[in-house]
Structure formats: C-alpha cells, structure tokens
Amino acid sequence: MLLRTLRDLALVIVVTYGLFVTLRLCTSRIDQSFGRRAATAGIVEKSMLIAASAAVDVGIVVAAWGGGYLAALTVFGEIGRMDVQQTLYLNAFMMVQLAKVALRTVLSPLAGELRLLRVSDEAARRTSRILAWIISILGYGQLLLQPILSQTVSAASGQATSALVALVALIMAISATIANRRSVTQWLLSTPDHSARHRQVRFIAARWHWPVLAYLTFLFVVVLIGPSERLFLVLSASAQALVAILLGLVVADWLARAVTKGVRLPENVNERLPLLERRVNGLVPRFLMLLRLVILAAVLAMVASAIGLFDVVGALQSRVGLAFTGSLASVLAILLFAYAAWLALTSWVDYRLNPAFGSIAASRETTLLTLLRNAATIAIVVVALMFSLSQLGLDIAPLLASAGVLGLAIGFGAQKLVQDVINGVFIQLENAINVGDVIAIGGTTGTVERLTIRSVSLRDVHGAYHIISFSSVDMVTNHMRDFSFHVGDIGIAYREDVEDARAALVDAFQELRSDPDLSDFILGDMEWFGVQSLGDSAVIVRVRIKTTPGKQWAIGRALNGAVKRIFGARGIELPFPHQTIYFGADKNGEAPPAFFAMAAPKP
C-alpha cells in the first residue's frame, strides 16, 4: 500500500513537473520578445511588459498545478479521490513555484531588460539560482516531507526532518551571504552617476551581512524550539518585509536613474523657453529626494507592520491617521500647484523676453516683466505657505494679524527701507530707469545691470559694480532716453581760418555717414555752433551730432579720429600749449640779447 502511494505521488510529480517544464520551454520565446521590446520601451510600456511576463509565469504554474490535480483525481489512484500526500505535494508545488515567480519577476535572470533591480546578468543568475534552491528545500521540506514523515513514521521524525531541512537551507544561505558579501557591498555603493555614497550608507553597505546572518540564526532557533506553523508565520512576515524592501529598492533605483538622466524637453520648447529645462531639473532632484525619503518611511512602516511591531493599516484608518494623510496630501497638492503656477509665470516671462520669438521687448517692458516675476514669486511663496499652514491645522488669522502688526513695527523701524521702496515705485512709474540704460545717479555713472523695487545696480566703465538705494537718489540722469547728442569741442590754432576748420569738420562728418557700421546710428545732420571760446592756446569750435540712444560716445570717438586724420592732411594745426620766454631788462630798460645757434646734426 505504501509503495503504491509513493508510486502515485511520484507519477503526479512527474506529470506536474513535466507539464511545467514543457510550458516553460514553449513560452521562452515570449519572454525573449518581451525583453527585446522592453529595451526600447518607456517606463509605462516596460511596466506592462514586466506585469505580462509575471502573468505568463503565474499562468504556467496554475496550468501545471491544474494538470497534476486532474491527473491525481482521474489517472493515479482512485477516480475522484486524492491522497493526502498528493494534496500536500500540489499545495507545496503551488507555493514554491509562486515564490519563484516572484523571484524571477524581480531578478529576471534570462532577460535583463525586464529586471527590476539594477544588477548584472551574472549576479542576477547566481542570486536567482541560490534563492531558488533555498525556496525549494524549505518549501518541499516543510510543506511535503515533514508532514508525510510526521503522519507515516512519527512526530519526532517530522520535527527532526524539519530541523534538518532548516539547517541545510540555513547553511546554504549563510554560505551564499559570506561568499557574496563584497559583491553586494559594491552593488550597494554603486550609483547611476558614479558619485560617492554618503558615509552612513557606506557604513551599512560594508556591514550588511551581519544583520542577515543574525536573522538566519533567528529562523533556525524558531525551527528548533517551535512547531513548523510558527516557522511559516515568521517566513510569511519576513516575505512581506522582503517584498516591501524590494519594492522600495526598485522604486528608489528608478528614481536614482531618473535623477541621473534628468528631464529632457523637446527642442522647440527649449528654443522658446531656454530656462525651463534648467528650472525643472533644478527642482526634480530635490523632489525625488523627498520622495525617496517618503518611500523609505513607507518601507520601514510596512516592515514594522509585517513583523508585528506596529499596525500601520490601523493607524492610517484611525481618525488621526486619516486627518494626517489628508492634510499631507493637501499640502503636497498646494505645493505642486504653487510650483506649477510659478513655473508657468516665469516661462511666460522668458518667452516674452526671448527676442527669437514674437516682438522684441522694449527696455521698459523688460524691466516691468522682471519686477513682475520677482513680485509674483514672493506672492506665490507667501500664499502657498499660508494655505499649507492652514491645511496642517494652524489658524492663520492670528498669524496674519501678527504679520500686520509686525509689518507696521518694521515700517516704523525701517523708514529707510520704506523710503527706498516708495522712491523705487515712483521711479518705475515715471519710467526713469530701465535695465541696460546708461545713467548717472548718486554721483555714479554706469550701465544698469539690475533693477529692483528698492535699489539699482550699476556697472561703470572700469568694471566696478555699484548698488545704490533709491532713498539716496535726488536726481537721475538718463543718457539713453529716445535719442542722444554728441557735443564735440574741437580746438584749432589761432593762426588757422575758422571756415577751413568748419569745412574739414563737415568732411569728417560725411566720412562717418558713409561708414555702414556707423551710419545707422546717426539721426541727423551735424550742427555747427561756431566758435565756443577763445582759450589760452586754441580757438574752440563746437559741433553737435544727433545719435541713437547710447551711441553718442562711439560717434564721438569716430569723429575725433576722422578730424585728426583730415586736419593733418590739410595742414590745419591742432594746437598745443605755447610758451614765451622773457630774459628780463636792465636799468636802462633794455633787454639783453639772447643768441641762438643751430647746431648741425651729428652724422
């Protein structure tokens, strides 16, 4: 009778495993095609391919189990009746193979493109092989061999077999842990961008095997001092914790890859909004880092719940838990909406100021749009902060009242700052200053590089950077409003004819007008003002040329160069100081003669 039972059990095992292996061979091409498609697929399509591959594996296990179940009921043994041993085997087969399906889904030893964890092909195959053996030994030993020996031989033999099976699995797990500790350490320390890990991460990575060995020893003690049911409770909790850790590692690894790759916008979007991609990539790493911390907290909570330290589900379903999660979701939504609003506003300003698209913004429009962006940024931050505090349960009405009182106190104590702001507002309303203008303000002349509601920043001709608050400004001189003039004072010798000098100046001006690099900057004919003054050594004549804003200095330098060249060609003297030497007089009023002799130059 025993031999017949063992024969029927062996035949069920052969049918089940034969059907399982046959189905696996038939569907191997499906996994390969999934892997080829996943190599070029996006994150959504790749997730669907991984889920489809897992579904195919689960279908194979269920089909093989169903075939063995049908064979046990109809072919081997009495029709319509199944032995206990066959039932134990089929249940063990289902549990073991489903555990291996989960293992293959995570490591995917045959198709690296479907792998959830970022490990090498060799590491995936080696780890999958070791864990598959451990799962098989524990599963079939505890779910099949131990119950059969307990029923047919004795309870003590079943307990001894359970301990032996656990010991074999423990030795395999300890050996694999010790043999691969350095490889796992290197894997834990590796990052997609080859950057160095934090000191705490390096500490954990170098000593990860100690808690694993302690946990394996704990499992062995559980087997020795308790029934097999307790082992499966511990293994079930450990499996839940392991699933949580693996899911956390998978998501954290995907986030690390996303941070390394960054966000890539289409080329036409980058042309219109050149700063958008940099702004998005500036926030995405911080957001993903926060998300990784949330994932870590969720993994720790799931592990604590799995091992019975804390009931996470019950805590989340409580009144406090629901209020906390609702407030947290609301705050996250507010922050995301505020960021989206800020990003949309700044992108619109960038697009409006982009000279390659649309009309070119004027200087005043550039200044006002820059001030609008700064003011809107402050407003968005303040509003988002207020709404977030309100969602967290804080009453913002007293906070607003306190802010008003504080603002009044600051207004009295910081009158200089208030005066800066008020003067800045009126200067902007009168359009006195724009970014890029050359102005004279507070005794300093330079180009406006930055303009806020409180101050103006200038860069002078020597490269010095000046920040001038508006409270110290009583007059603004703008050299670039509508048009400019170059006023030229040219000195000629007293012996020269003024009309000859005028003709030479007219010719010099016409030379400037014929220059294609300068003609666009000249807005009218040269004005002749005549003799401006009679100096000690020169007669000063004045001319004036109307130019585009900011080009009066370039036109003046070009005019001086042309005058020097034309005056030299026509013999018109550009004067220099003359000195008369007086040798004095004697008592008779006669000056002693001064004799000069011209020496011949030495050869």
Side-chain angles (χ1 to χ4, degrees), residues 13 16-39 41 43-68 89-144 169 172-173 176-177 179-180 183-184 187 212 232 235-236 238-254 257:
I13 293 174
T16 307
Y17 253 96
L19 184 59
F20 174 75
V21 172
T22 302
L23 292 175
R24 287 278 297 170
L25 291 175
C26 293
T27 58
S28 60
R29 293 185 177 181
I30 298 178
D31 288 338
Q32 294 176 1
S33 64
F34 285 169
R36 288 191 296 268
R37 291 181 58 183
I43 182 64
V44 177
E45 185 180 358
K46 186 174 181 179
S47 301
M48 295 178 63
L49 291 172
I50 293 174
S53 178
V56 171
D57 276 356
V58 172
I60 292 173
V61 173
V62 173
W65 177 86
Y89 164 72
L90 290 174
N91 292 338
F93 174 81
M94 175 67 76
M95 297 296 295
V96 169
Q97 295 303 326
L98 288 180
K100 290 183 178 180
V101 167
L103 179 64
R104 286 194 296 271
T105 302
V106 174
L107 294 178
S108 185
L110 299 180
E113 297 82 4
L114 300 175
R115 192 169 300 141
L116 292 178
L117 289 180
R118 184 173 48 85
V119 296
S120 64
D121 294 340
E122 177 61 27
R125 286 191 291 268
R126 184 172 61 251
T127 305
S128 179
R129 183 169 56 252
I130 295 172
L131 292 179
W133 272 104
I134 294 175
I135 290 172
S136 298
I137 291 174
L138 282 176
Y140 289 116
Q142 300 293 339
L143 295 176
L144 179 61
M172 291 184 62
T177 301
N180 296 282
S183 300
V184 176
W187 174 70
V212 173
F232 285 105
L235 288 177
S236 176
S238 303
Q240 296 178 26
L242 182 61
V243 169
I245 294 173
L246 288 177
L247 288 176
L249 288 175
V250 169
V251 177
D253 183 70
W254 177 80
R257 295 184 187 184

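From a predicted model like this one, the values you see are computed outputs, not experimental measurements.
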Could you tell me the separation between the [atom1] atom of [X] and the [atom2] atom of [Y], rounded to the nearest 0.5 Å?
X    : Y    : atom1 : atom2 : answer
Y89  : L144 : OH    : CG    : 8.5 Å
M172 : I137 : CE    : CD1   : 4.5 Å
I30  : I60  : CD1   : CD1   : 7.5 Å
L138 : M95  : CG    : CE    : 12.0 Å
L19  : L23  : CG    : CG    : 4.5 Å
F93  : I13  : CZ    : CD1   : 10.5 Å

Any side-chain to backbone donor/acceptor pair from T177 onto A173? Under 3.5 Å, distance only.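 Yes: the side chain of T177 pairs with the backbone of A173.
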
Donor-acceptor pair, side chain of S53 and main chain of L49, under 3.5 angstrom: no

List the steps and the verdict of side chain to side chain contact (heavy atoms under 4.5 Å, CB included) for N180 and R126. CA-CA 10 Å; N180 296 282; R126 184 172 61 251; 2.9 Å; yes

Shortest non-hydrogen contact between I135 and L103, atoms and distance: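 Minimum heavy-atom separation between I135 and L103: CD1-CD2, 4.3 Å.
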
Can you give me the closest heavy-atom contact between A54 and V101, atom names plus distance?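 In terms of heavy atoms, the two residues are closest at O-CG1, 4.1 Å.
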
Show your reasoning for whether side chain to side chain contact (heavy atoms under 4.5 Å, CB included) applies to D57 and R24. CA-CA 8 Å; D57 276 356; R24 287 278 297 170; 3.1 Å; yes

Go through N91 and L143 one step at a time and tell me if the side chain to side chain contact (heavy atoms under 4.5 Å, CB included) criterion holds. CA-CA 8 Å; N91 292 338; L143 295 176; over 6 Å; no

Do W65 and T16 touch side chain to side chain, with heavy atoms closer than 4.5 Å? no

Would you please say whether a donor-acceptor pair under 3.5 Å links the side chains of K100 and S128?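 K100 vs S128: no donor-acceptor pair found between side chains.
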
When the ring planes of F20 and Y17 are compared, do they come out parallel, tilted or perpendicular, using 30° and 60° as the limits?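 Ring orientation, 0 to 90° scale: perpendicular.
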
